[in-house]
Amino acid sequence: FGSEPCCEPPPLWTLDGALARLMLRWKLWRNKWDDDGAANDAEALSATHFAVRRSGVIGLLVILMTSLFVGVTQFGEPLELGLQMGRDALRRTSASGDIVVIAMDDRSAKEFGRWPWPRKYDAMLVDQLRSMGAKKIVYNVIFSEKSDPVNYAAFAAALNRAKGKVWLGAQATDDSNIGMSEPLLPIKLFRGKTQQAHFNAWSGMLGYIKYIPNYVNIEGIRYPSQAALLAGSDPKTGHIWPDYAITYESIPTISAIDIAYGRTAKSAIAGKTVV
């Protein structure tokens, strides 16, 4: 930065100029000087300014402020996501096959009608999956509202026959991504015949899921995440980060209509977790 300056005070509006003034006042206070004029003395300011610039502290402050800005604003997230996508592309892998998706697809909608279906069809699905030997039946649905009495009773009876194999959804209030104002849980009758797991997830700036907490507290009760349930991880601590290297087309998927009417081989379901 050149030789030691003589008497030129630094501009007040620059970072190094403001820092030089703060440091000089701190030095005066530490030495219990009671000379306010000394803090504005051109020679003292110039010497302090030179020391600040020579020390490299400005560069450090710039780095710290930049890091803080990037961390708070998630400004670097697009770059991070791009690097992650590149890594995932290099290590593409297939799903294990231990989890089977039962699709609420167009074929099912033509037969059952638009979602939400009458509960009797969900009763058919649960009974069929149970008879086919499903290990767990995990609904990505909460069932927080009652349907008509006949369908309501049919689904409740099927859940009772499943003897604890069925997990229904739950939603906590602190999901800022969807602006929930109150928790959502299955109705009490369904809750008493099933277990529940939450599907709260925290998204990044660009909308992709960053992580899923292994549990959340809803009305004083700890609920595991559906992700932890499917992955077989400990639901008591930590988070799950989705593995985007898994190719979606490799996940076994069966139309709900084929399950309901028994058109699927038992081996496709036996011993597996279905969603």
Side-chain angles (χ1 to χ4, degrees), residues 99-132 134-201 203 207 209 212 216 218-219 221 223-230 242 248 251-264 268-269 272-275:
I99 298 170
V100 179
V101 172
I102 309 301
M104 301 170 180
D105 55 6
D106 291 340
R107 290 179 54 217
S108 303
K110 287 179 183 178
E111 178 73 21
F112 296 157
R114 295 180 62 184
W115 181 264
W117 300 330
R119 298 286 187 261
K120 66 179 181 180
Y121 295 123
D122 290 295
M124 291 173 61
L125 287 171
V126 168
D127 281 336
Q128 285 284 14
L129 291 167
R130 177 179 55 83
S131 67
M132 296 172 75
K135 181 181 178 181
K136 291 188 186 78
I137 303 170
V138 182
Y139 264 95
N140 193 235
V141 183
I142 297 177
F143 294 105
S144 58
E145 298 178 358
K146 291 184 178 181
S147 60
D148 65 89
V150 174
N151 285 296
Y152 174 81
F155 189 42
L159 294 176
N160 195 52
R161 289 189 291 270
K163 300 186 184 302
K165 282 190 173 183
V166 179
W167 291 72
L168 301 183
Q171 186 75 60
T173 58
D174 57 354
D175 190 341
S176 59
N177 294 312
I178 61 175
M180 294 291 297
S181 59
E182 60 181 19
L184 288 178
L185 293 167
I187 59 174
K188 287 185 177 180
L189 179 59
F190 296 165
R191 218 182 307 168
K193 300 178 184 300
T194 64
Q195 303 177 77
Q196 298 86 47
H198 80 86
F199 41 76
N200 285 68
S203 299
I209 294 177
I212 302 163
V216 297
I218 304 176
E219 297 183 337
I221 299 175
Y223 291 85
S225 71
Q226 291 196 346
L229 186 67
L230 299 178
Y248 296 125
I251 301 172
T253 304
I254 304 171
S255 174
I257 195 72
D258 291 336
I259 293 291
Y261 291 140
R263 301 171 186 163
T264 304
I269 298 297
K272 299 181 179 180
T273 295
V274 298
V275 183

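No experiment lies behind these values; they were computed from the predicted model shown. Sequential numbering from 1 along the given sequence is applied to the chain's residues.
- Panel note: side chain T194, backbone F190; a donor-acceptor pair is recorded below 3.5 Å.
- At a threshold of 4.5 Å between non-hydrogen side-chain atoms, the residues L230 and T273 count as touching.
- Listed here is the closest heavy atom pair of R130 and A162: CD-CA, 3.5 Å.
- Here the closest non-hydrogen pair linking S108 and A103 is OG-O, 3.7 Å.
- Taking CD1 of I254 as the start and CD1 of I102 as the end, the distance is 5.0 Å to the nearest 0.5 Å.
- In this structure, CD on Q196 lies 7.0 Å from CG on L185, to the nearest 0.5 angstrom.
- Not a single donor-acceptor pair under 3.5 Å links the side chain of D258 to the backbone N or O of R263.
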Check against side-chain contact (heavy atoms from CB on, under 4.5 Å), N140 and V138
CA-CA 6 Å; N140 193 235; V138 182; over 6 Å; no
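- Side chain of E111 to main chain of I257: no donor-acceptor pair is present (N/O by atom type, distance under 3.5 Å, no hydrogens or angles).
- We find the CD-CG distance between Q195 and L229 to be 8.0 Å, quoted to the nearest 0.5 Å.
- Atoms NZ and NZ, from K163 and K193 in turn, are 10.5 Å apart once rounded to the nearest 0.5 Å.
- Using modelled atom types, one side-chain atom of N200 and one backbone atom of A172 make a donor-acceptor pair closer than 3.5 Å.
- Side-chain N or O atoms of Q226 include one that pairs as donor or acceptor with a backbone N or O of Y139 at under 3.5 Å.
- With rounding to the nearest 0.5 angstrom, the OG atom of S131 is 11.0 Å from the CZ atom of R161.
- V275 places a side-chain heavy atom less than 4.5 Å from the side chain of I99.
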Before you tell me yes or no, could you show the steps for K165 and V126 under side-chain contact (heavy atoms from CB on, under 4.5 Å), namely the whole-Å CA-CA distance, both residues' side-chain angles and the distance that decides it to 0.1 Å?
CA-CA 9 Å; K165 282 190 173 183; V126 168; over 6 Å; no
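- No donor-acceptor distance shorter than 3.5 angstrom exists from the side chain of S225 to the backbone of H198, with no hydrogens or angles considered.
- F112 and W117 have perpendicular rings, their planes meeting at more than 60° on a 0 to 90° scale where under 30° would count as parallel.
- Using a 4.0 Å cut-off between charged side-chain N and carboxylate O, D148 and R119 make no salt bridge.
- Here the side chain of Q128 pairs a donor or acceptor atom with the backbone of A260 at under 3.5 angstrom.
- Put simply, the residue from D122, I137, N160, L129 that forms a side-chain contact (heavy atoms from CB on, under 4.5 Å) with V166 is I137.
- Under the 4.5 Å side-chain criterion, counting only non-hydrogen atoms from C-beta, Y121 is not in contact with N151.
- Between P186 and G169, the closest heavy-atom pair is CD-O, 3.4 Å.
- Between V100 and A268, the closest heavy-atom pair is CG2-O, 3.7 Å.
- Checked against a 6.0 Å centroid threshold, the rings of F143 and F155 count as neighbours.
- Judged by distance alone, with hydrogens and angles left aside, the side-chain atoms of K136 form no donor-acceptor pair with the main-chain N or O of W167 at under 3.5 Å.
- Distance CD1/I218 to CG/L184: 8.5 Å, rounded to 0.5 Å.
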Please determine whether side-chain contact (heavy atoms from CB on, under 4.5 Å) holds for the pair I142 and Q171, giving the CA-CA distance in whole Å, both sets of side-chain angles, and the decisive distance to 0.1 Å.
CA-CA 8 Å; I142 297 177; Q171 186 75 60; 3.9 Å; yes
Please assess I269 against V274 for the test side-chain contact (heavy atoms from CB on, under 4.5 Å), listing each intermediate value before the final yes or no.
CA-CA 7 Å; I269 298 297; V274 298; 3.8 Å; yes
